[in-house]
Amino acid sequence: MNNKLKKDFYKRNVLLAAKDLLGKIFVYNDLNLEVKLSAKIVEVEAYDGEIDQAAHTFNGKTERNKIMFEEGGFLYIYFTYGIHFCANIVTGKKDHGTAVLLRAMEPISGLEVFGKRRFNKKELSEKEIINFLNGPAKICQAFNIDRKQNGTDLTKGEIYLLYAPKIPTNKVVKTTRIGIKKSTELPWRFYIKDNQYISKK
DNA sequence: ATCAAGATTACCT
DNA sequence: GGTAATCTTGATA
């Protein structure tokens, strides 16, 4: 049985896709590792260059953001603050510069790998496990995602998402986004209510 | 050619 | 709460 999310999931409007991404399972099948790394998406933010000044695509296509203008179903990875990478799921139709930032996840498998990469140890306290993936750059550090994964096709076998039932609307919290200076009024951050793995209240 | 900003994190008081 | 770390990108201050 194959419950991998298909192209049609990603081709939808960015806000619909963002809300629906909550609860889905992010999987990295890195053939260099003995285990598949996986985690449940618990917090996301939507970015839409048409109307959103905080989106990297607001001023049009550039070398960095061009993957966001492709059809949904690719990874967009960017480097920021001289240190960190952040991962996005490209959504929507071709030539629409939209994507969903992955802000926090709940670890499922590959805990020892996450522990080694995040804190250089395999003995894990509950507090450290909560800290594995509760921020966009932490996710990339734990999954070892950087430039080389930019543009990855999520309908192939290396990195993909698994279906999970949609989180009911009354369990989804909608707020303004974090860490941006423009378009701060847009309520485009979504997270699973009462989940302890989100980045910030 | 130059420069300021940046979808963050970890560590300090 | 405050801020250093660190460097690519995209606009041209």
Side-chain angles (χ1 to χ4, degrees), chain A residues 10 13-19 21-22 26 39 41-70 72 74-92 96-107 114-121 124-152 154 159 172-192 196-201:
Chain A
Y10 303 104
N13 166 275
V14 64
L15 290 175
L16 284 177
K19 284 179 262 195
L21 279 167
L22 293 174
F26 182 91
I41 299 171
V42 301
E43 177 186 341
V44 297
E45 285 175 356
Y47 288 85
D48 180 351
E50 291 290 314
I51 54 172
D52 170 13
Q53 295 188 63
H56 289 168
T57 47
F58 184 70
N59 290 313
K61 192 183 284 189
T62 65
E63 185 58 31
R64 176 175 69 159
N65 69 25
K66 60 185 181 185
I67 192 67
M68 281 182 69
F69 288 92
E70 291 302 313
F74 295 98
L75 278 183
Y76 166 51
I77 311 298
Y78 67 88
F79 181 67
T80 190
Y81 293 106
I83 312 175
H84 303 297
F85 291 94
C86 296
N88 299 250
I89 308 289
V90 176
T91 61
H96 289 226
T98 61
V100 178
L101 174 68
L102 299 174
R103 284 201 56 93
M105 298 191 199
E106 176 177 335
F114 294 151
K116 188 86 172 71
R117 290 174 177 169
R118 290 276 298 120
F119 304 112
N120 196 29
K121 59 180 184 180
L124 318 159
S125 70
E126 189 180 338
K127 205 167 185 178
E128 286 166 335
I129 291 173
I130 287 175
N131 268 313
F132 282 170
L133 306 173
N134 62 349
K138 297 178 186 180
I139 289 170
C140 285
Q141 189 188 355
F143 279 93
N144 200 20
I145 287 171
D146 59 31
R147 279 179 192 80
K148 65 188 181 300
Q149 283 84 10
N150 188 46
T152 299
L154 296 170
I159 301 175
V172 174
V173 180
K174 172 170 75 170
T175 71
T176 52
R177 295 171 296 178
I178 292 179
I180 54 172
K181 297 210 172 91
K182 303 170 194 165
S183 297
T184 53
E185 75 288 352
L186 294 173
W188 286 1
R189 172 175 177 243
F190 306 97
Y191 63 87
I192 299 177
Q196 62 181 333
Y197 296 89
I198 65 169
S199 64
K200 288 181 190 170
K201 282 287 183 194

Cut-off 3.5 Å, side chains only: do N134(A) and K138(A) have a donor facing an acceptor?
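Yes, because at least one side-chain N or O of N134(A) sits under 3.5 Å from a partner of the opposite role on K138(A).
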
Given atom CG of D146(A) and atom P of dC7(C), what is their separation to the nearest angstrom?
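Atom-to-atom, D146(A) to dC7(C), this comes out as 14 Å.
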
Between NE2 of H84(A) and P of dA4(C) the distance, given in whole Å, is 15 Å

With no hydrogens and no angle check, is any side-chain donor or acceptor of R189(A) less than 3.5 Å from a backbone partner on R177(A)?
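Not a single qualifying donor-acceptor pair exists.
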
Polar side-chain atom of Q53(A) near backbone of F58(A) as donor-acceptor pair, under 3.5 Å:
no

If you find the nucleotide of DNA chain C closest to I83(A) and the one closest to R147(A), which residue's nucleotide is nearer the 5' end?
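Taking each residue's closest nucleotide, the earlier one in sequence belongs to I83(A).
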
A cation-pi test, strictly: NZ or CZ of R103(A) under 6.0 Å from the centre of the six-membered ring of Y191(A) and no more than 45 degrees from its axis. Yes or no?
no

What contact category does [X] fall into here, base, sugar-phosphate, or nothing, at under 4.0 angstrom with non-hydrogen atoms?
X       : answer
R177(A) : nothing
A137(A) : sugar-phosphate
N59(A)  : sugar-phosphate

Using a 4.0 Å cut-off to any heavy atom of chain A, which nucleotides of DNA chain B are the first and last in contact, reading 5' to 3'?
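With heavy atoms of chain A under 4.0 Å away, the range is dG6(B) to dA10(B).
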
Using the rule side chain to side chain donor-acceptor pair (under 3.5 Å), only one of N88(A), T91(A), D48(A) pairs with T98(A); which is it?
T91(A)

DNA chain B: 5'-proximal contact among I180(A) and Q141(A) (nearest heavy atom):
I180(A)

When the P atoms of dG2(C) and dT6(C) are compared, how many Å lie between them, rounded to an integer?
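Approximately 23 Å lies between the P atom of dT6(C) and that of dG2(C).
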
Is there a Watson-Crick or G-U wobble partner for dA7(B) with both distances under 3.5 Å, and if so, which one is it?
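In the structure as shown, dA7(B) has no Watson-Crick or wobble partner.
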
Are side-chain heavy atoms of L75(A) and N150(A) found at a separation under 4.5 Å?
no

